[in-house]
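Here is the structure we will look at.
The chains referred to below are lettered A, B, ... by the order of the sequence lines, with proteins before strands, and numbering in each begins at 1.
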Amino acid sequence: QQQVKQSPQSLIVQKGGISIINCAYENTAFDYFPWYQQFPGKGPALLIAIRPDVSEKKEGRFTISFNKSAKQFSLHIMDSQPGDSATYFCAAVAGYSTLTFGKGTMLLVSP
Amino acid sequence: GAGVSQTPSNKVTEKGKYVELRCDPISGHTALYWYRQSLGQGPEFLIYFQGTGAADDSGLPNDRFFAVRPEGSVSTLKIQRTERGDSAVYLCASSGGGTGELFFGEGSRLTVL
């Protein structure tokens with residue numbers, strides 16, 4: 001049972017463009033939604049996270065949009081750069097349980 | 001170092017052999033997690049330690065997998081009678097301070113021939 005569904009599987013964006021990655025969940029007990037960034041050969045690293053009491057969180061070029069009623073959240077990368085090329089994972093957790101990850105989106109930002 | 005350290009970085013073994021993978025978490029982090037990541041997939045939860053005890057081992061796929069953390073710091077993931085399907089990157093993460101953020105190591109890539 002896949003608790004967090006992520007799309008698209010891969011994404012190619014031109015430099016300067018907007019990258020958008022979407023996730024959907026079923027478990028209404030989830031109360032923390034982080035996004036992790038992973039470069040080849042490295043472990044995932046926390047990029048940005050949101051709790052369901054707000055609809056949007058912005059940190060620099062990265063924004064999470066959260067729609068509680070639709071049980072969806074998305075990551076927007078503004079002014080995408082080649083250095084943003086990586087695999088991005090959405091995740092969710094309920095209370096003190098453990099993180100459940102989506103399957104990942106491989107982003108390629110072309111120069 | 002300041003980050004999560006995992007050894008070995010690469011391990012090649014034969015089917016049926018026993019392997020141990022080690023994780024040294026960030027100093028002071030009480031929570032430690034093991035995840036498994038197959039090619040093209042997200043990390044899959046295996047086991048979570050709070051201190052020395054396994055708080056949640058529901059992700060261990062079968063009894064060939066076992067993990068310990070005897071002194072509440074370093075953890076070892078043990079896999080008996082390895083199978084080709086065990087081939088994956090095994091990621092360790094630690095957390096502390098109540099932020100919920102997991103800090104991952106670079107992983108141990110296991111290949112079972």
Side-chain angles (χ1 to χ4, degrees), chain A residues 1-11 21-25 27 29-53 57 59 62 64 75 86-108, chain B residues 1-10 21 23-26 29-51 53-60 67 88-110:
Chain A
Q1 179 187 5
Q2 187 183 352
Q3 295 198 55
V4 181
K5 294 185 178 181
Q6 183 172 347
S7 63
Q9 194 171 0
S10 62
L11 182 61
I21 303 170
N22 301 298
C23 282
Y25 64 96
N27 187 351
F30 285 147
D31 59 3
Y32 177 67
F33 301 88
W35 285 87
Y36 279 77
Q37 179 188 54
Q38 185 176 31
F39 293 103
K42 303 294 185 182
L46 180 66
L47 186 63
I48 186 172
I50 197 168
R51 295 198 181 272
D53 53 344
K57 182 173 182 180
E59 292 184 359
F62 301 91
I64 299 178
L75 175 69
T87 300
Y88 293 80
F89 296 96
C90 62
V93 64
Y96 294 101
S97 66
T98 54
L99 276 176
T100 298
F101 286 87
K103 289 192 172 185
T105 297
M106 191 177 300
L107 171 65
L108 177 63
Chain B
V4 176
S5 176
Q6 291 189 246
T7 55
S9 55
N10 277 287
L21 307 175
C23 173
D24 198 344
I26 293 172
H29 279 188
T30 57
L32 184 145
Y33 305 79
W34 284 99
Y35 281 80
R36 178 168 69 175
Q37 187 173 26
S38 300
L39 192 64
Q41 300 292 316
E44 175 191 17
F45 169 72
L46 295 176
I47 186 169
Y48 155 52
F49 287 90
Q50 185 62 248
D56 184 353
D57 63 357
S58 62
L60 295 177
V89 175
Y90 288 81
L91 294 166
C92 176
S94 68
S95 70
T99 65
E101 178 178 358
L102 266 60
F103 294 85
F104 283 87
E106 294 192 346
S108 292
R109 180 176 298 277
L110 174 65

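In this structure, chain B has heavy atoms under 4.5 Å from both the backbone and the side chain of A/Pro44. With a 4.5 angstrom heavy-atom cutoff, A/Gln9 does not touch chain B via any of its atoms. Using a 4.5 Å cut-off between heavy atoms, B/Gln50 does not touch chain A at all.
Residue A/Phe39 holds its CZ atom at 12.5 Å from CD of B/Glu106, rounded to the nearest 0.5 Å. How far CZ of A/Phe101 is from CG of B/Leu91: 8.5 Å, rounded to the nearest 0.5 Å.
No other option in B/Pro43, B/Gly105, B/Ser58, B/Gly42 has as many heavy-atom pairs under 4.5 Å with chain A as B/Pro43. Annotation: maximal heavy-atom pairing with chain B below 4.5 Å, among A/Thr100, A/Leu46, A/Thr98, occurs at A/Thr98.
The side chain to side chain contact (heavy atoms under 4.5 Å, CB included) test with A/Leu99 is passed by exactly one of B/Tyr48, B/Tyr33, B/Tyr35: B/Tyr35.
For the pair B/Gln37 and A/Phe89, the tightest heavy-atom approach, listed with the atom from each and the gap, is NE2-CZ, 3.2 Å.
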